[in-house]
Amino acid sequence: ATAQDTADIGICYTRNNARDANRRTVKDNLRKVLVAAQSVRRHDSSLPLCLFTDLDKDTVESYAGPLFRHILPDGFSTFMPRSEAEKALVSG
């Protein structure tokens, strides 16, 4: 595959554990990611942005509009640590 054959992802952000029944909390959980992504967008409007999150696309877009070209599942629920060090790192 050539560079032309692959999608340009640009910069990806991750915001896991953002889901909450309280919409204010969801907004608060997204706030820092949105500020960072909007800063990049102001400096380069052509750079694609993506977000890995446990939120669905409609929820993200209700706060972010069309800021992110790709909204992808964070995969954290299926993450399998390769070592005890990784397990300790992600367990908090």
Side-chain angles (χ1 to χ4, degrees):
T2 67
Q4 281 184 310
D5 296 332
T6 59
D8 185 8
I9 297 296
I11 296 175
C12 291
Y13 297 88
T14 300
R15 184 59 181 107
N16 51 12
N17 298 322
R19 168 108 16 238
D20 193 300
N22 179 342
R23 289 186 63 82
R24 179 174 177 201
T25 303
V26 171
K27 184 177 180 180
D28 291 342
N29 287 342
L30 285 174
R31 185 181 326 274
K32 291 179 182 176
V33 163
L34 295 180
V35 168
Q38 289 164 344
S39 177
V40 168
R41 178 61 64 234
R42 280 192 303 276
H43 294 286
D44 186 349
S45 62
S46 67
L47 186 65
L49 302 176
C50 77
L51 176 65
F52 289 95
T53 184
D54 59 332
L55 298 171
D56 60 87
K57 182 177 180 175
D58 290 339
T59 300
V60 172
E61 288 182 346
S62 73
Y63 294 107
L67 182 63
F68 298 101
R69 181 178 295 175
H70 307 283
I71 299 170
L72 307 165
D74 69 4
F76 209 63
S77 61
T78 59
F79 177 75
M80 299 299 292
R82 296 171 291 187
S83 67
E84 286 301 313
E86 276 188 357
K87 185 176 182 180
L89 181 67
V90 300
S91 67

### Query
Any side-chain heavy-atom pair from Leu55 and Leu30 closer than 4.5 angstrom?
yes
Original post:
Going by heavy atoms in the side chains, are Leu34 and Phe68 under 4.5 Å from each other?
Top reply: yes
Nearest heavy-atom approach of Leu67 to Ala37 is CD2-CB, 3.6 Å
Looking only at heavy atoms, the pair that brings Arg69 and Ser46 closest together is NH2-O, 4.3 Å
Between Val60 and Thr53 the two heavy atoms that sit nearest each other are CG2-CG2, 4.0 Å
Hits for side-chain hydrogen bond (donor to acceptor under 3.5 Å, both in side chains) against Arg31, two or more places apart or cross-chain, chain-then-number order -> Asp28
N/O donor-acceptor pair under 3.5 Å between Arg15 side chain and Leu51 backbone: no
